[in-house]
Enquirer: 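Supplied in structure tokens, the structure appears directly below.
Chain identifiers are assigned alphabetically (A, B, ...) following the order of the sequence lines, protein sequences preceding nucleic acid strands; residue numbering begins at 1 within each chain.
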Amino acid sequence: MNEVYDSDNATHINSYRGGIISTIDEAKLESINALRMAGIEPYPYSYAVTHHAKEIKDNFDEMEGKEVSMAGRAMQMRQMGGITFIDIQDRSGKIQSLVRNNELDQKSLLVLANSSIGDTLGIRGIVMKSKRGEISVGVREITMLSKTLRTLPNKWQGLTDTEARYRYRHVDLMMNQEVLRTFEIRSKFLRHVRDTLDSRGGIEVETPILQDVYGGAKAKPFKTTYHTLDDKQMFLRISDELYLKRLIIGGAERVYEVSKDFRNEDADTTHNPEFTQIEYYEAYSDYETFMKMMEDMLSSFVLKTFGTLKIKYQGETVDFTPPFARMYWVEQLKNIMGTDVSTMSDEEAEKINKAEKLELKHPDPYHVADSLFDKYLKSKTVQPTFIMDFPAYMCPLTKIKRGNPLLAERFELYVGKMEVANSYSELTDPMYQRKMFEDQETERKKGDEEAPPFDEEFIGAMEYGMPPTAGIGISIDRPSMLFTDQTSIKEVILFPPMK
RNA sequence: GGGCCCGUAGCUCAGCUCGGUAGAGCAUCUGGCUUUUAACCAGGUGGUCGUGGGUUCGAUUCCCACUGGGCCCGCCA
């Protein structure tokens, strides 16, 4: 056996379940030798592809009798004497190829003899139908494009073990093509959000992921150490808000960033420690502007992608026809349980925490109000719903509600019971901002680990004068779940973190 | 962090209740077959039964701990 491909050697990096997902197959190594002996390179440089499987199938009437060349992985082989059916899978789907030995030259015959399921093959041939009516490529020439050393999972059940699917996403993708479709839809959505913001004149920017002072959200950060700067303590960003606002202050007017944010907290079906959102800031606008924008953005995406405004999510029909519902949740909570969370004191919060059995670690008004929403109102947000106006104390970076100083101008957009966007009429008064930071600092000292630290530099920037601005964070992960009918965020993250 | 379930061949799974040194299908290998599509027929290879400890003459099976994963609950998007 070739030493380079000693299986222990080649696979020791994987310790999954005390083993590995497949072994190196010695027979395949022999095939490689056989091909090379005959002067055929099993790992060539390129191949001219003219068609994909789906194209051929979708346009069979025009394609019949024409020569095509396509490439992909052999997923199944059915050999019967001098004829072999090979199902070739490319990015678009699968198509059957029909190989008759007596129609092949020596070279192709040799490739065929040394092919197995899992190999990447190039197929040149004529579009036709088999006797049973299956659209096929009648093969004239078969080319080895990449010889596999490992065995594919079985063709019936494929790879279903969730852990194996995430750890070996490459195998998941080849065995479960709908996974590729999921990530195509995610990609389309991200593209659509970018297009929307570009069309408004937004400038896409990049701001630091490694930050001296984190902020812009309530969350526990990841800490890092920068050794060449004297072991300086730095943080992975929990949000890019404070940097984007500095750009607004500088006069950029409309800026956005596709932002990977990091929050040092537990993962579950709707949370991943590393997640993607787009934050967008628009000068001279307020949060009303963004309600309209979200209605347009989501409805046009759904219509363009699915050809309808109504999609199924977990058995329920979600209708993206604008305008979306608006839920004045503080008012509704007052009606349901008599508590006005906008005026809730620390003592009241603690009492409600006990009475409602919320069992919060920090039973302060912020966490109690948040958890009351989850308990009583979240279940009503299957349809796209703007959750309107939050208690001012929940929004340290937001302007107060016109006509009601107890509330702040903020909405969260929920769809399928998931928060997918969060938007504000941004606070621009530097003196009020300073006070809000001081309050946060007090919470922090009281033990709220999630309260962000005081950011003097940011206040300094705001003291130059920040124009009226609307801000929004648009989740990419959760809408991707919605559009692909997934219940776990890991299904829309290509490589979710594993222990 | 709490509760429940799971880890046996490369993959998908039986076996465990009631302890006696491991089984199927697919994959792979050999042979047969020139229109199959879960092709078929015959034969073969393949397992430190997640890890460690305990009980026992004997443990994949019973007990404990650990580890990895899934689902539900609590918390941040």
Enquirer: Between A:Tyr166 and A:Glu491, is a side-chain hydrogen bond (donor to acceptor under 3.5 Å, both in side chains) present by the stated rule, with each step listed?
Expert: CA-CA 9 Å; A:Tyr166 297 157; A:Glu491 293 291 348; 2.9 Å; yes

Enquirer: For RNA chain B, find the residues of residues 122-132 of chain A with a heavy-atom distance under 4.0 Å and give them by number; none if there aren't any.
Expert: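 Result for residues 122-132 of chain A: A:Ser130, A:Lys131, A:Arg132, sorted by number.
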
Enquirer: Say we look at B:U12 and B:U17: how far apart would their C1' atoms be, to the nearest angstrom?
Expert: 24 Å

Enquirer: Distances under 3.5 Å between protein N/O atoms and the N/O atoms of nucleotides 38-45 of chain B, please, pair by pair.
Expert:
residue	atom	partner	partner atom	Å
B:A38	N3	A:Trp156	NE1	2.5
B:A39	OP1	A:Lys155	NZ	2.3
B:A39	OP2	A:Gln76	OE1	2.5
B:A39	N6	A:Gln79	O	3.1

Enquirer: My understanding is that a pair needs two contacts under 3.5 Å, Watson-Crick or G-U wobble. By that rule, which nucleotide pairs with B:C49?
Expert: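 Check on B:C49: unpaired, no WC or wobble geometry under 3.5 Å.
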
Enquirer: Between P on B:A27 and CG on A:Asn154, what's the gap in Å once rounded to a whole number?
Expert: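 Whole-Å distance recorded here is 8 Å.
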
Enquirer: Taking only the C1' atom of each, what is the distance from B:U51 to B:U60 in whole angstrom?
Expert: 14 Å

Enquirer: Measuring only the P atom in each nucleotide, how far is B:C16 from B:G10? A whole number of Å is fine.
Expert: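 That atom pair is separated by 23 Å.
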
Enquirer: Name the pairs: protein N/O against N/O of nucleotides 70-75 of chain B, kept only if under 3.5 Å.
Expert:
residue	atom	partner	partner atom	Å
B:C75	N4	A:Asp268	OD2	2.4

Enquirer: Rounded to the Å, how far apart are A:Phe222 CZ and B:C76 C1'?
Expert: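 Nearest whole value for this atom pair: 12 Å.
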
Enquirer: Might you work through the side-chain hydrogen bond (donor to acceptor under 3.5 Å, both in side chains) test for A:Lys490 and A:Thr269, ending with a clear yes or no?
Expert: CA-CA 7 Å; A:Lys490 288 193 166 90; A:Thr269 48; over 6 Å; no

Enquirer: Let me see the working for A:His367 and A:Asp364 under side-chain hydrogen bond (donor to acceptor under 3.5 Å, both in side chains), right down to the final yes or no.
Expert: CA-CA 6 Å; A:His367 290 102; A:Asp364 50 38; 2.8 Å; yes

Enquirer: Can you check whether A:Tyr376 and A:Trp329 have ring centres sitting under 6.0 Å from each other?
Expert: no

Enquirer: What nucleotide among B:U36, B:U35, B:G69 has an atom nearest to a side-chain atom of A:Leu98?
Expert: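 So the side chain of A:Leu98 is nearest to B:U35.
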
Enquirer: To the nearest Å, how far apart are A:Leu149 CG and B:U28 P?
Expert: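 So the two atoms are 15 Å apart, to the nearest Å.
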
Enquirer: Can you tell me if A:Glu178 has over 12 outside heavy atoms packed within less than 6.0 Å of its CD?
Expert: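 Enclosed.
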
Enquirer: With both distances kept under 3.5 Å, what pairs with B:A42, Watson-Crick or G-U wobble?
Expert: B:U30

Enquirer: Taking the same atom, C1', in B:G68 and in B:C26, what whole-Å distance lies between them?
Expert: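 Rounded to whole Å, the distance is 26 Å.
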
Enquirer: Which whole-number value in Å describes the distance from A:Tyr168 OH to B:G10 P?
Expert: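 To the nearest whole Å, that distance equals 12 Å.
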
Enquirer: With rounding to the closest Å, how many angstrom separate the P atoms on B:A39 and B:C29?
Expert: 16 Å

Enquirer: Classify A:Ile238 by what it touches in the nucleic acid, base, sugar-phosphate, or nothing, heavy-atom distance under 4.0 Å.
Expert: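 Counting heavy atoms under 4.0 Å across all strands, no contact is made by A:Ile238.
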
Enquirer: Between A:Lys218 and A:Ser116, just flag the one whose closest nucleotide in RNA chain B comes earlier from the 5' side.
Expert: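 With A:Lys218 and A:Ser116 compared, the 5'-side residue is A:Ser116.
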
Enquirer: Which part of the nucleic acid, if any, lies within reach of A:Asp477 when heavy atoms closer than 4.0 Å are counted: base, sugar-phosphate only, or nothing?
Expert: nothing

Enquirer: Please evaluate residues A:Arg167 and A:Asp172 with respect to the criterion salt bridge (charged side-chain N to carboxylate O under 4.0 Å, His left out), reporting the C-alpha separation (whole Å), side-chain torsions for both, the decisive distance (0.1 Å), and the verdict.
Expert: CA-CA 9 Å; A:Arg167 285 190 196 275; A:Asp172 187 30; over 6 Å; no

Enquirer: Whole-Å distance between B:U37 C1' and A:Ile95 CD1?
Expert: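 So the two atoms are 13 Å apart, to the nearest Å.
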
Enquirer: Take A:Ser259 and A:Gln277, measure what side-chain hydrogen bond (donor to acceptor under 3.5 Å, both in side chains) needs, and give me the verdict at the end.
Expert: CA-CA 5 Å; A:Ser259 179; A:Gln277 65 170 332; 5.5 Å; no

Enquirer: When the P atoms of B:C49 and B:U61 are considered, how many whole Å apart are they?
Expert: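 Approximately 10 Å lies between the P atom of B:C49 and that of B:U61.
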
Enquirer: Pick the C1' atom in B:C11 and in B:G47, then give their distance to the nearest Å.
Expert: 14 Å

Enquirer: Describe, in one word, how the ring planes of A:Phe437 and A:Phe458 are oriented to each other, choosing from parallel (under 30°), tilted (30 to 60°) and perpendicular (over 60°).
Expert: perpendicular

Enquirer: Does the structure show a Watson-Crick or G-U wobble partner for B:G7, both distances under 3.5 Å? Name it, or say none.
Expert: B:U67

Enquirer: With rounding to the closest Å, how many angstrom separate the P atoms on B:G7 and B:C13?
Expert: 10 Å

Enquirer: So for atom NZ, which belongs to A:Lys107, do other residues, nucleotides or ligands contribute more than 12 heavy atoms lying within a distance under 6.0 Å?
Expert: no

Enquirer: Measure from CD on A:Glu134 to P on B:U35 and round the result to the nearest Å.
Expert: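 Going from A:Glu134 (CD) to B:U35 (P), I get 16 Å.
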
Enquirer: So that I know where these two stand, are A:Tyr414 and A:Phe373 an aromatic pair - ring centroids less than 6.0 Å apart?
Expert: yes

Enquirer: Starting from P on B:C76, measure out to CZ on A:Phe373 and report it in whole angstrom.
Expert: 12 Å

Enquirer: If the plane angle is over 60° it's perpendicular, under 30° parallel, otherwise tilted; pick one for A:Phe320 and A:Phe483.
Expert: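 Tilted: the ring planes of A:Phe320 and A:Phe483 meet at 30° to 60°.
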
Enquirer: Using whole Å, what does the distance between atom P of nucleotide B:C33 and atom CG of A:Asn101 come to?
Expert: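 My rounded result for the distance is 12 Å.
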
Enquirer: Base, sugar-phosphate alone, or nothing: which one does A:Tyr366 contact when heavy atoms must sit under 4.0 Å apart?
Expert: sugar-phosphate

Enquirer: Ring of A:Phe495, cation from A:Arg169 - is the NZ or CZ under 6.0 Å from the centre and inside 45° of the axis?
Expert: no

Enquirer: Aromatic rings A:Tyr256 and A:Tyr280: how do their planes relate, parallel, tilted or perpendicular, breaks at 30° and 60°?
Expert: perpendicular

Enquirer: Please evaluate the base of B:U34 for a donor-acceptor partner in the side chain of A:Asn102 within a cut-off of under 3.5 Å?
Expert: yes

Enquirer: Step through the shown structure and confirm whether more than 12 heavy atoms of other residues, nucleotides or ligands are within 6.0 Å of CD on A:Glu206.
Expert: no

Enquirer: Using a 4.0 Å heavy-atom cut-off across all strands, classify A:Gly473 as base, sugar-phosphate, or nothing.
Expert: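 The residue A:Gly473 makes no contact with any strand.
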
Enquirer: Return whichever of A:Arg263 or A:Phe85 has its heavy-atom-nearest nucleotide of RNA chain B closer to the 5' end.
Expert: A:Phe85

